[in-house]
Amino acid sequence: MPRTPEDDNERSDDSGGSKPGSRPGPGLHIVATPIGNLGDITLRAIETLSGVDLIACEDTRTTSVLLARHGIATKTTAYHEHNAERARPGLIEKMRAGARIALVSDAGTPLIADPGYKLVTAALEAGIAVSTCPGPSAVLAALTLSGLPSDRFFFAGFLPARGAARRTALTELAPINATLIVYEAPHRLAESLADMATVLGPRSAAVARELTKRFEEVRRDTLPALAVHYAEAGAPKGELVVVIGPPGETKFAISDEAIESRLRDLLKNSSVREAAAELAAETGLPRRVLYARALKFSRDPDEES
Ligand code: SAM
């Protein structure tokens, strides 16, 4: 069994934490950092970042802001997706020789849609101790604010950027009986939500934006209604997470305005029959009712203004 860094420390209590003020042990320390609010960092994370020999950072400039805020003077080095292959052997060598190295990403928990997985496996293979200072991650922050079931969830990371690949990925996710969580870029949100509405139907969902920051916002609605909202409002600013309820979870009712707006949108490129069929598939509402409404818009162009 590889030694853990904590083996070198006296246990302070049954929680397994190192004694406050003691130096972190040799090896790799995965350290979670804030996802926005710089106050969201644990006491152990500060002690670990202060006590290690080196901090491997996704972006040394980003991490330097956090370090300055907490008066930490530890040396930093870059470890990101573009230099990881080259930088990893050197970090492993240092730790083999007894160095204490912390890994941080720009925000949140390393390895979660961020670099670190290969460094952890390389360290474990080399018999180097790996420990973690858990803390913020946007996936859990979004889930806890979403209002959606939190007992079972599936984190799918970033969906593919292109429509066809994204719809294939969503088709694979569709049968999973759990709340789904994805990271998404703001400029792709509207089209991604439209694909989610088409593939997953009228499930309840939440778009959680700028979590822990000044303009934090959580918008809860059905997927079709959210798709309509962001198609009209345009790309939101900042970072965001989409949380989607499990199959059958449609507790945020779809509004009349959202139905009307989505129908107008669909009618730009489809016949009345096709638009009604598509929206019926997205929302689970009766096709007959949607057909009647779509017919009204298509016959009365003034309605569209
Ligand atoms: N490792 C990070 C974590 O633990 O959450 C995630 C890194 S990933 C490269 C960045 C993505 O996380 C963003 O595009 C966004 O989807 C999500 N994210 C990070 N911070 C966020 C925040 N404050 N509010 C909403 N989403 C956030």
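When a ligand or atom number is given, it counts from 1 through the structure's own listing order.
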query: Would one find more than 12 heavy atoms of other residues, nucleotides or ligands at under 6.0 Å from atom OH of Tyr117?
result: no
field: Residue pair Ser50 / Thr74: nearest heavy atoms and the distance that separates them
entry: O-OG1, 3.5 Å
Side-chain donor-acceptor contacts of residues 176-188 below 3.5 Å, not counting sequence neighbours, with atom names and distances?
unit_1, atom_1, unit_2, atom_2, d
Thr179, OG1, Pro149, O, 2.6
Tyr183, OH, Val139, N, 3.1
Glu184, OE2, Ser192, OG, 2.8

query: Going by heavy atoms in the side chains, are Met95 and Leu28 under 4.5 Å from each other?
result: yes
- request: Could you please provide the protein residues found below 4.0 Å of ligand 1 on a heavy-atom basis, arranged by chain and number?
  value: Ile35, Ala107, Gly108, Thr109, Ile112, Ala113, Asp114, Ser137, Ala138, Phe158, Tyr183, Glu184, Ala208, Glu210, Leu211, Lys213, Glu239, Leu240, Val241
- prompt: Among all residues two or more places apart in sequence or in another chain, which pass the salt bridge (charged side-chain N to carboxylate O under 4.0 Å, His left out) test with Arg273?
  reply: none
- request: Report the residues that fulfil side-chain hydrogen bond (donor to acceptor under 3.5 Å, both in side chains) with Thr48, sequence neighbours left out, ordered by chain and then residue number.
  value: none
